Amino acid sequence: MLARWYDQLAGVVRQTRPVTFSRRSLPLWMIALIVFGVLTILGITIGLLVHFLVVESRIYYYSGSFKVLNITYNKNYEKETSPENNHLSKILETKMSDAFEASNIYRQYINSQVIKLVPENNNVIAHIWLMFKAPRAMKRNTKSKIENILYQMLRKNSDFITTDPKSLTLMEISKVAAEKIINTLCGRRARTSATYDKVKGGSSAQEGEWPWQASLKKNGKHYCGASLISERYLVTAAHCFKMTKNPKNYTVSFGTRVSPPYMLHYVQEIIIHENYFYGKHRNDIAIIKLTEKVSFKNDVHRVCLPEATQIFPPGDGVVVTGWGALSYNGEYPVLLQKAPLGIIATNICNAKEAYNGLVEDEMLCAGYLEGNIDACQGDSGGPLVHPNNRNIWYLAGIVSWGLECGKPNKPGVYMRVTSYRSWIASKTGI
Ligand code: 4AZ
């Protein structure tokens with residue numbers, strides 16, 4: 001079989017005539033056109049490659065750690081919102097930003113943060129989070145430069161802090177992993193957007209700017225504000241439940257648009273302060289427990305609760321946010337509004353021409369004695385937040401009452417969250 005098949009094939013090959021090609025040359029213009037086309041494609045390809053590899057920057061995220069040596073160990077370092085944690089984190093963050101800003105990659109540096117302090121044999125391990133921009137081709141180079149800058153920084157000991165350069169670890173992490181780290185922490189924003197704090201006066205908020213802000217809806221309609229303090233709990237004002245306390249009548253949504261509701265959640269339980277009485281302003285605070293956990297995202301995550309001892313000094317800047325009325329008995333916005341305010345000392349707020357003694361120690365006044373910028377109807381229960389020196393946001397107040405909105409000598413009055421810190425802990429374990 002095999003031999004006969006070979007014979008047949010040989011016959012076919014023998015019968016095949018040689019093929020002759022006619023050598024007609026192409027016209028000159030066509031050759032020129034082809035050369036031009038090839039060169040153009042080559043040029044574009046090289047251009048694009050250079051653009052993506054060398055010119056266009058990508059954002060890279062890193063997480064790492066190092067050891068701080070001469071710290072007398074204190075359990076409070078582990079607590080995210082403790083003064084000890086904030087104090088040490090601020091020192092380390094300043095050291096890092098100074099080092100990067102003075103380096104030859106200062107143009108690539110975007111942000112660096114201490115995300116956690118963990119005790120280890122009487123020392124503290126600082127976990128860090130970094131954000132840089134660099135062209136693709138420089139990726140490896142950038143990482144080794146960052147490592148080098150951090151190593152040199154850790155070698156230099158300042159008056160208060162001794163750090164161990166040999167303990168340094170650093171690895172690149174994905175954008176998703178980097179954002180997840182920030183979104184599980186309280187009071188931080190995943191994006192370091194320059195547009196966030198630019199506008200003064202009441203204005204529309206950017207997406208992800210106030211991720212703890214919730215809309216409390218009664219029968220599907222916005223009724224009050226609320227602040228997310230954990231995956232399951234929010235704080236709001238007690239007077240929001242004047243009409244009904246039935247959890248089935250309420251829903252909670254997030255984001256910047258009040259409708260349609262974004263990330264709709266149902267209410268399992270409403271916990272109103274035991275010593276709140278309708279018609280009175282005292283103890284105007286309540287807790288909302290959701291039926292299901294909120295999954296944290298860039299634009300939905302929790303605010304920090306201050307410690308009971310934290311002080312919010314008069315004159316400090318705070319921000320109130322909400323979907324409340326734009327003027328007393330006026331229109332309601334669709335987009336979340338923000339208004340920068342100043343904390344007003346209680347004795348000034350209690351002056352005769354102001355609230356004449358109605359403001360108690362468990363309340364906090366914020367706004368302007370000349371009026372105009374203020375919270376209003378529908379903002380009740382919402383957050384009044386204060387940024388600390390690391391730009392981490394704390395819930396200082398809960399929108400509660402005031403005489404109309406934006407009137408001279410009648411600033412907004414808020415429940416002072418520090419006064420209710422242990423009450424919140426007793427109801428939520430937070
Ligand atoms: C309200 O009726 C209300 N200007 C909330 C805040 C303020 C006034 C009224 C403060 O819900």
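Note that the structure is predicted; figures quoted are calculated from it, not measured. Throughout, numbering of the chain's residues begins at 1 and tracks the sequence.
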Legend entry - Whether over 12 other heavy atoms sit under 6.0 Å from K156 NZ: no
Inset, instruction - To the nearest 0.5 Å, tell me how far I288 CD1 sits from Y233 OH. - result: 12.0 Å
Inset, instruction - Please round to the nearest 0.5 Å and tell me the distance separating atom OH of Y355 and atom CD1 of I344. - result: 9.0 Å
Inset, instruction - Check whether any side-chain heavy atom of N298 lies under 4.5 Å from a side-chain heavy atom of P211, and answer yes or no. - result: no
Inset, instruction - Could you note down all residue pairs passing side-chain hydrogen bond (donor to acceptor under 3.5 Å, both in side chains) where residues 36-62 supplies at least one of them, sequence neighbours left out? - result: none
Legend entry - Beyond-backbone contact of L150 with M153, side-chain heavy atoms, under 4.5 angstrom: yes
Inset, instruction - Taking atom types as modelled, find out whether Q213 and W323 have a side-chain donor-acceptor pair closer than 3.5 angstrom. - result: no
Inset, instruction - For the pair E120 and K67, find out whether any cationic side-chain nitrogen is under 4.0 Å from an anionic carboxylate oxygen. - result: yes
Legend entry - Main-chain N/O of L335 paired to S204 side chain as donor or acceptor, under 3.5 Å: no
Inset, instruction - Compare every heavy atom of K217 with every heavy atom of V258, then report the nearest pair and how far apart it is. - result: O-NZ, 2.9 Å
Inset, instruction - Measure across P247 and I270 and return the closest heavy-atom pair with its distance rounded to 0.1 Å. - result: CA-CD1, 3.8 Å
Inset, instruction - Give the C-alpha distance, both sets of side-chain angles, the deciding distance and a yes or no for side-chain contact (heavy atoms from CB on, under 4.5 Å) between D164 and N123. - result: CA-CA 10 Å; D164 176 13; N123 297 314; over 6 Å; no
Inset, instruction - Kindly assign one of parallel, tilted or perpendicular to the pair W393 and W212, based on the angle between their ring planes and the thresholds 30° and 60°. - result: tilted
Inset, instruction - Flag the pair V300 / Y262 as yes when at least one side-chain heavy-atom distance between them is below 4.5 Å, and no otherwise. - result: yes
Legend entry - Centroid-centroid under 6.0 Å between Y394 and F312 rings: no
Inset, instruction - May I ask you to check whether over 12 heavy atoms, not counting those of D361, lie within 6.0 Å of atom CG? - result: no
Inset, instruction - Mark yes or no for whether H127, through its side chain, and V118, through its backbone, hold a donor-acceptor pair below 3.5 Å. - result: no
Inset, instruction - Considering non-hydrogen atoms only, spot the tightest contact between I128 and S65 and give its length. - result: CG1-N, 4.1 Å
Inset, instruction - Keeping the roles fixed (side chain from N409, backbone from A354), state whether a donor-acceptor pair exists under 3.5 Å. - result: no
Inset, instruction - Check whether any side-chain N or O of R232 sits under 3.5 Å from a backbone N or O of K289 as a donor-acceptor pair, and report yes or no. - result: no
Legend entry - For the student: nearest non-hydrogen atoms of S400 and M415, plus distance: OG-CE, 3.5 Å
Legend entry - Validation row: Y266, T251 side chains within 4.5 angstrom (heavy atoms): yes
Inset, instruction - Check for a donor-acceptor pair, side chain of R189 on one end and backbone N or O of E209 on the other, with a separation under 3.5 Å. - result: yes
Inset, instruction - Return the set of residues passing ring pair (Phe, Tyr, Trp, His ring centres under 6.0 Å) with Y77 (not counting sequence neighbours), or none when no residue passes. - result: none
Legend entry - Donor-acceptor contact below 3.5 Å, side chain Y278 vs main chain F241: yes
Legend entry - Donor-acceptor pair, side chain of D98 and main chain of K95, under 3.5 angstrom: no
Legend entry - Side-chain heavy atoms of Y414 within contact of V320, under 4.5 Å: yes
Inset, instruction - Provide the closest heavy-atom pair for D379 versus G324 in the form atom of the first, atom of the second, distance. - result: OD1-N, 2.8 Å
Legend entry - Chi angles and distances behind the side-chain hydrogen bond (donor to acceptor under 3.5 Å, both in side chains) call for N329, Q377: CA-CA 8 Å; N329 288 337; Q377 301 144 300; 2.9 Å; yes
Inset, instruction - Tell me, yes or no, whether the heavy-atom count around K180 atom NZ, taken from other residues, nucleotides or ligands under 6.0 Å, exceeds 12. - result: no
Inset, instruction - Using the side-chain contact (heavy atoms from CB on, under 4.5 Å) rule, take S295 and K297 through it: C-alpha gap first, then chi angles, then the decisive distance, then the call. - result: CA-CA 6 Å; S295 71; K297 302 177 187 312; 3.8 Å; yes
Legend entry - Minimum-distance pair of heavy atoms, taken over all atoms of P165 and L154: CA-CB, 3.7 Å
Legend entry - Short side-chain to backbone donor-acceptor contact, T236 and A226, under 3.5 Å: no
Inset, instruction - For the residue pair E93 and V114, establish whether any side-chain heavy-atom pair is separated by less than 4.5 Å. - result: yes
Inset, instruction - Step by step, work out the side-chain contact (heavy atoms from CB on, under 4.5 Å) result for I105 and I146. - result: CA-CA 8 Å; I105 55 164; I146 296 169; 3.9 Å; yes
Legend entry - Check: K218 main-chain N/O paired with N249 side-chain donor or acceptor under 3.5 Å: no
Legend entry - Within-4.5 Å side-chain heavy-atom neighbours: K407 and Y328: no
Legend entry - Under 3.5 Å: donor-acceptor pair, side chain of N111, backbone of M131: no
Inset, instruction - Step by step, work out the side-chain hydrogen bond (donor to acceptor under 3.5 Å, both in side chains) result for R282 and N275. - result: CA-CA 8 Å; R282 199 176 277 177; N275 295 322; over 6 Å; no
Inset, instruction - Compare all side-chain heavy atoms of S227 with those of L234 and state whether any distance is below 4.5 angstrom. - result: no
Legend entry - OG1 on T162 to CG on N157, rounded to 0.5 Å: 4.5 Å
Inset, instruction - Please assess S112 against S97 for the test side-chain hydrogen bond (donor to acceptor under 3.5 Å, both in side chains), listing each intermediate value before the final yes or no. - result: CA-CA 7 Å; S112 58; S97 63; 5.4 Å; no
Inset, instruction - To the nearest 0.5 Å, tell me how far Y250 OH sits from C240 SG. - result: 8.0 Å
